[in-house]
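Quantities reported herein were computed from a predicted structural model and do not represent experimental measurements. Here is how names work: the chains are called A, B, and so on, in the same order as the sequence lines, proteins then strands, and each is numbered from 1. Values below: every heavy atom of this structure, side chains too, minus hydrogens, waters and symmetry copies.
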There are 2 protein chains.
Amino acid sequence: MSFVNLKQLAGELGLASSTVSRAMRDSYEISTATRERVKSVARQLNYQPNPYASCLRNNVTKTIGVILPQLDNHFFSLAINGIEEVAQQNGYHVLIYLTHDSGEQEKAVSKYLTSGRVDGILLALASGTRGIGHLEKLKLLGVPIVQFDRVNETLRTATVTTDDYASGYQATEHLLRAGCRKVAHLLVSESLSISSRRLQGYRAALAAHHVPFDADLVLTGTASNDENLRRIARLLTQRPDIDGIFASVERLALSSYQACQQLGIAIPDAIKIIGFSNMETATLLAPALTTITQPAYAIGKEAARILFQAITKHKPVLPAQSLELKSELIARASTACAAR
Amino acid sequence: MSFVNLKQLAGELGLASSTVSRAMRDSYEISTATRERVKSVARQLNYQPNPYASCLRNNVTKTIGVILPQLDNHFFSLAINGIEEVAQQNGYHVLIYLTHDSGEQEKAVSKYLTSGRVDGILLALASGTRGIGHLEKLKLLGVPIVQFDRVNETLRTATVTTDDYASGYQATEHLLRAGCRKVAHLLVSESLSISSRRLQGYRAALAAHHVPFDADLVLTGTASNDENLRRIARLLTQRPDIDGIFASVERLALSSYQACQQLGIAIPDAIKIIGFSNMETATLLAPALTTITQPAYAIGKEAARILFQAITKHKPVLPAQSLELKSELIARASTACAAR
DNA sequence: CTGTTAGCGCATTCAG
DNA sequence: CTGAATGCGCTAACAG
């Protein structure tokens, strides 16, 4: 048993392949009788049109590409859930590419997609990306791109992000209100939009509360968790006056937690930690860890929705279509903090 | 600017498209001089061969399909990491489909792939799958399938799993050795291979330690976390003699943890919990929760490796190529347990 | 309402 | 070493 093609099916039916093609696609110019007959025999022979032939003919691939830094972060898993759902609703297929936060990998992947393999792209930028020539090229080729979460602001596309500035502000304010005065801030990479905007929020909140900004309290993470752990521990040792940590990303919140445990620092009494997280686990298992949860699933869905709108209407994605969704601060330990 | 095709490139070069095609594919019958010239101009014009045309011509899609129940479980995210890596190494593209554990969705997805869209399939079975006709059809069509993690044993394909029986045994034994006598077991779905094999391990360990099996201590979960939480709490209330819980899956371990917290039961003193988990978070944040970690990343890689072997050698995947990898028991609280 | 024909972009004959 | 011609499977334009 092998794949049945249109011609074979037409032969079996005693019809021309064009007729069969039309019948299969419910063309109005085919009589109901033959349409039904065609469909019945097609079902019987398990006929499925070859997607690649249609694609070649129609210049429509019915597939989108999703480029992500990683998948070991729950945020992106949830985002894909949303993306895949919207894709399936629209009859689209989803190609997935991981860059492991490497700019080189991102370039390589972009090149694959320069060939017309996909009708559109959803992109969360790698932290290692420096230039954006590879993305400009895709845009120039007319491939619609929607950026989400980690976006490059120079590239003029629609973006779907969370309220990074606002949540950075809120997080910091949460700690300040709980009595913290020396709040450390941990970020992933200076070049990442999410990091810089959260940092801005952090600084603004400090300023609003008349707490001086101290550059020594800002730590940039690396790709290695072990290294991050060491650095955080060193910072906490060197600066025993630190009474709060705002981690701009889940991994760093966990490493902070771990560092405190290692150093025997009590959470949340001696130190208060707040960090982004999309793992229910974190909030469940560590009530002391105040978390900020991003609507990852909704972000995926919205990004996909904007992309499909552009694809089906043959319009470019415009920065004006950008969306900013709200994060949610979940402070299970807030009472404890306030009580102090 | 739009896509450049072979013909245009050939025109630019003053060569026949066949020559250019050969040059691009490093054919031995092309002189080094023209090959270099072709490649240089190709680079300059951003020529990328249209993958769908090649596919039509060669009958090779260079893409695989990955069918998964969900992605809200860290196990599958890690597995995709492995799969994607091996795919990229082999120059392959990865299409992803989520079934949300629905048998209907799995059937629909299978149908998409009946059209020659992919060269092979990696599959983790939906818990809602009843018949396997849709998979048999794919096999009959000659599409290689490798099953991983959640496998159907009737379908004769290679499988990559973990030592579910052994780890179920170990987990149970771990609790028994820590002094537990009434060990509850929480499983996902009776029809799932991982569940039934872990259950077998559980029963065997009980038997080996002369602890009678009590069917009332076995609870099957639902799709709803809230419902699971309620059921677990009810079980713990009705059976205050329970002194240990073996959760066969992360979500259920977390729900157990939560249920104990709600009921004010101390962990790990009053009750000991052991559960599968691939979240570093869980072990990090809840030392009281003994976890069994599956080598998810390796499973993805191995499954992909077996699939690519079959694809490149045009051989069917045989059950004989199946692999069983080892899980790891991480008992941070084991000392506490043993001390009791 | 149905059939004939041509061509999407590429790779592979077969000829030179 | 290079070029011309053919067809992968499908659809759309053009006939009838």
Side-chain angles (χ1 to χ4, degrees), chain A residues 2-39 41-42 45-63 91 112-119 141-142, chain B residues 2-39 41-42 45-63 91 112-119 141-142:
Chain A
S2 190
F3 298 102
V4 173
N5 66 22
L6 196 60
K7 211 167 142 190
Q8 292 167 332
L9 177 57
E12 208 66 39
L13 283 156
L15 289 170
S17 52
S18 58
T19 308
V20 178
S21 170
R22 276 182 283 230
M24 291 301 292
R25 330 192 87 249
D26 291 316
S27 163
Y28 66 96
E29 31 182 15
I30 300 293
S31 72
T32 322
T34 51
R35 178 167 55 228
E36 288 315 314
R37 195 166 71 89
V38 166
K39 289 205 170 180
V41 178
L45 298 185
N46 285 312
Y47 167 72
Q48 290 287 123
N50 180 316
Y52 298 116
S54 318
C55 161
L56 193 58
R57 189 57 235 245
N58 300 335
N59 226 16
V60 168
T61 66
K62 284 277 178 189
T63 105
Y112 301 153
L113 302 186
T114 288
S115 58
R117 187 181 287 275
V118 296
D119 293 343
L141 283 168
Chain B
S2 191
F3 299 100
V4 174
N5 66 23
L6 196 59
K7 209 166 142 192
Q8 292 167 333
L9 177 57
E12 209 67 39
L13 283 156
L15 289 171
S17 52
S18 56
T19 307
V20 177
S21 172
R22 274 183 283 230
M24 291 302 291
R25 328 194 89 249
D26 292 313
S27 165
Y28 66 97
E29 31 182 17
I30 300 294
S31 70
T32 321
T34 51
R35 179 167 52 225
E36 288 315 313
R37 196 166 72 89
V38 166
K39 289 205 170 177
V41 177
L45 298 185
N46 286 314
Y47 169 71
Q48 289 287 124
N50 180 317
Y52 298 116
S54 317
C55 161
L56 194 57
R57 188 57 238 251
N58 301 333
N59 226 17
V60 167
T61 65
K62 285 278 178 188
T63 105
Y112 301 152
L113 301 184
T114 289
S115 59
R117 188 180 286 275
V118 295
D119 292 342
L141 283 168

| said: Between B/Thr61 (side chain only) and B/Cys55 (backbone N and O only), is there a donor and an acceptor less than 3.5 Å apart? | reply: no
Result for 5'-nearest mapping on DNA chain D, choosing between B/Thr34 and B/Ala53, is B/Thr34
*asked:* If the cut-off is 4.0 Å, is B/Asn50 near the phosphate of C/dC10, judged by side-chain N/O to OP1 or OP2?
replied: no
Here the distance between atom P of D/dC14 and atom CD of A/Glu29, to the nearest Å, is 13 Å
Answer with yes or no whether B/Arg22 presents, from its side chain, a donor or acceptor under 3.5 Å of a partner atom in the base of D/dG3.
yes
Discussion item. Taking any heavy-atom pair under 4.0 Å as a contact, classify B/Ser17: base, sugar-phosphate, or nothing.
Written reply: nothing
In this structure, CG of B/Asn46 is separated from CG of A/Leu141 (nearest 0.5 Å) by 6.5 Å
Here the distance between atom P of D/dC8 and atom OH of B/Tyr52, to the nearest Å, is 21 Å
Side-chain atoms of B/Ser18 come closest, of C/dG7, C/dG3, D/dG3, to D/dG3
From CD of B/Glu36 across to P of D/dC1 the rounded distance in Å is 14 Å
Value for CG (A/Leu9) from CG (A/Leu45), rounded to nearest 0.5 Å, stands at 6.0 Å
To the nearest angstrom, the CG-P distance between B/Leu6 and D/dG7 comes to 19 Å
CE of A/Met24 to CG of A/Leu6, rounded to nearest 0.5 Å, is 8.5 Å
Among the nucleotides C/dA11, D/dA4, C/dT2, whichever has the atom closest to the side chain of B/Asn58 is C/dA11
Here the distance between atom C1' of D/dC10 and atom CD of A/Gln48, to the nearest Å, is 14 Å
Whole-Å distance, B/Tyr28 OH to D/dC1 P, equals 11 Å
Ranking C/dT2, D/dG9, D/dT2 by distance to the side chain of B/Ile30, first place goes to D/dT2
Phosphate OP1/OP2 of C/dA11: any B/Ser21 side-chain N/O under 4.0 Å: yes
In whole angstroms, the gap separating P of D/dC10 from CG of A/Asn5 amounts to 5 Å
When rounded to the nearest 0.5 Å, the distance separating OG1 of A/Thr114 from OH of A/Tyr112 is 11.5 Å
Of the listed C/dT12, C/dT2, C/dC10, the closest approach to the B/Ser54 side chain comes from C/dC10
B/Asn59 atom CG is separated from D/dC8 atom P, nearest whole Å, by 11 Å
Considering only heavy side-chain atoms of B/Tyr47, the closest of C/dC1, C/dC10, C/dG3 is C/dC10
